[in-house]
Amino acid sequence: MFVIIGYIVVCASVFGGFAMAGGHLAALFQPLELLMIGGAALGAFFVGNDMKSIKATAAAFPTLFKGTKYTKKLYFDLLAMMFDILTKIRKDGMMAIEKDVEDPEQSTIFTKYPDLLHDHHLIDFICDYLRLMLSGNMDAFQIENLMDNEIETHHNEGHVPVHCIARLGDGLPAFGIVAAVMGVVHTMESIGIPPSELGLLIAHALVGTFLGILLAYGFVGPLSSLCEQKLNESTKIYQTVKVVLLASLNGYAPTIAIEFGRKVLYSTERPSFIELEDHIKQNKSR
């Protein structure tokens, strides 16, 4: 929603200011300039990226126009779910969660939290490390190192669309100049026409530079920044799980372990100690 609002503000400010200064908006409507800029940018995008990067960017693009799913409510559920898992381990031993880990879709713990269960990557992350804990052959330092490597891999993969969109935005001003130069070439070959028509051709040529810069800094560039913000949000949930599981491995009680996880959350999503305690109590009464 804010992306659309931002685009409206950009267009209203730029084109509205131009019209208020006495400019004619029709002069800015140059579909051939857009064809040259957009087509060249798209072609360069295909040349500069492999199929995995193109698919990743295409998959990430629609998510930029949606709100975040990493809300305070989601983290309430995550910490409550981790508390349930660790409490079951504490009471009945590690082997008690074997069926939950092997088939989370049928688990009485995981099914209590459908929003989390739908995030298959997150559930796989949790279950994979619970399996390693079940094996009993790895210490906390080994598991922490493995978690760090997996989270880093996730983050690096998520950065692919960020870099692709950023590079696309960086190239648009240059392609705007290309379109402007093509317009100047056309103007120079038409030097014998009346001055009024010549001025019109020069104006059309300059629109290319204008459109390249506007598209880069008003439309595409901000999407790269937004994509990076969403990536950081998606990484934080894995870091939270990591801290909770490591705290449990180091012998802390479930209540303390989830407190470790609560502390690493961003302040905008972090519940207070009392809020989290009340939420867990409510879950117990279900």
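The structure presented is a predicted model; accordingly, all values stated were derived computationally and were not measured.
- Of all non-hydrogen atoms in S107 and D100, the two that sit nearest each other are OG-OD1, 2.5 Å.
- Within the 3.5 Å criterion, the main-chain N or O of P271 finds a donor-acceptor partner in the side chain of R262.
- Atom CG of residue L86 and atom NZ of residue K91 lie 12.5 Å apart, to the nearest 0.5 angstrom.
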Dump the intermediate steps for salt bridge (charged side-chain N to carboxylate O under 4.0 Å, His left out) on K72 and E275, then the final yes or no.
CA-CA 11 Å; K72 190 173 183 178; E275 287 175 330; 3.2 Å; yes
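- Between the side chain of Y238 and the backbone N or O of F125 there is no donor-acceptor pair closer than 3.5 Å.
- Listed here is the closest heavy atom pair of F175 and A40: CD2-CB, 3.5 Å.
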Please determine whether salt bridge (charged side-chain N to carboxylate O under 4.0 Å, His left out) holds for the pair K69 and D115, giving the CA-CA distance in whole Å, both sets of side-chain angles, and the decisive distance to 0.1 Å.
CA-CA 9 Å; K69 69 176 182 179; D115 291 340; over 6 Å; no
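- By the rule that hydrophobic residues join a cluster once side-chain heavy atoms approach within less than 4.5 Å of another member, Y7 and L34 end up as members of one cluster.
- Note on L172: it clusters hydrophobically with V14, by side-chain heavy-atom contacts below 4.5 Å among ILVMFWY residues.
- In this structure, CD1 in I165 is found 12.0 Å from CG in D170, a value given to the nearest 0.5 Å.
- Legend: side chain to side chain donor-acceptor pair (under 3.5 Å) pairs involving residues 42-52, not counting sequence neighbours, sorted by first then second residue: N49-R167, D50-S53.
- Closest heavy-atom contact between K263 and R270: O-NH2, 3.7 Å.
- No chain of hydrophobic side-chain contacts below 4.5 Å, direct or via other Ile, Leu, Val, Met, Phe, Trp or Tyr residues, connects M182 to M188.
- The aromatic rings of Y70 and Y75 sit tilted relative to each other, their planes meeting at an angle between 30° and 60°.
- Expressed to the nearest 0.5 Å, how far CG of L79 lies from CG of D84 amounts to 11.0 Å.
- In this structure the side chain of T255 never reaches within 4.5 angstrom of the side chain of E259, judged on heavy atoms.
- Note on residues 172-182: no pairs pass side chain to side chain donor-acceptor pair (under 3.5 Å), not counting sequence neighbours.
- For the residue pair A257 and S248, the shortest heavy atom distance occurs at CB-N, 4.2 Å.
- Proximity of a side-chain donor or acceptor of H118 to a complementary backbone N or O of P114 within less than 3.5 Å is detected.
- Between the side chains of Y266 and N232, not a single donor N or O lies within less than 3.5 Å of an accepting N or O.
- Hydrophobic cluster membership of F273, counting Ile, Leu, Val, Met, Phe, Trp and Tyr whose side-chain heavy atoms lie under 4.5 Å apart directly or via other members: I274.
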Evaluate side-chain contact (heavy atoms from CB on, under 4.5 Å) for H159 paired with L231, printing each intermediate quantity in order.
CA-CA 7 Å; H159 255 293; L231 171 61; 3.5 Å; yes
Which atom pairs, one a donor and one an acceptor, fall under 3.5 Å between side chains of residues 144-158 and the rest of the protein, sequence neighbours left out?
| unit_1 | atom_1 | unit_2 | atom_2 | d |
| --- | --- | --- | --- | --- |
| D148 | OD1 | K242 | NZ | 2.5 |
| N149 | ND2 | N145 | O | 3.2 |
| E150 | OE1 | Y129 | OH | 2.6 |
| T153 | OG1 | N149 | O | 2.9 |
| H154 | NE2 | S234 | OG | 3.4 |
| H155 | ND1 | T235 | OG1 | 2.9 |
| N156 | ND2 | E152 | O | 3.3 |

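- Atom CD1 in I97 sits 11.5 Å away from atom OG1 in T87 (nearest 0.5 Å).
- Among all heavy-atom pairs drawn from L134 and M94, the shortest one is CD2-O, 2.9 Å.
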Before giving the answer on salt bridge (charged side-chain N to carboxylate O under 4.0 Å, His left out), spell out for E102 and R131 the whole-Å C-alpha distance, their side-chain angles and the decisive distance to 0.1 Å.
CA-CA 8 Å; E102 293 302 326; R131 287 190 191 96; 3.3 Å; yes
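- To the nearest 0.5 angstrom, D103 atom CG is 12.0 Å from E98 atom CD.
- The two residues C227 and V162 come nearest to each other via the heavy atoms SG-CG2, 3.7 Å.
- Screening residues 21-51 for ring-ring contact (aromatic ring centres under 6.0 Å, His included) gives no qualifying pairs among residues at least two apart or on separate chains.
- Hydrophobic cluster membership of V243, counting Ile, Leu, Val, Met, Phe, Trp and Tyr whose side-chain heavy atoms lie under 4.5 Å apart directly or via other members: Y252, I256, F260, V264.
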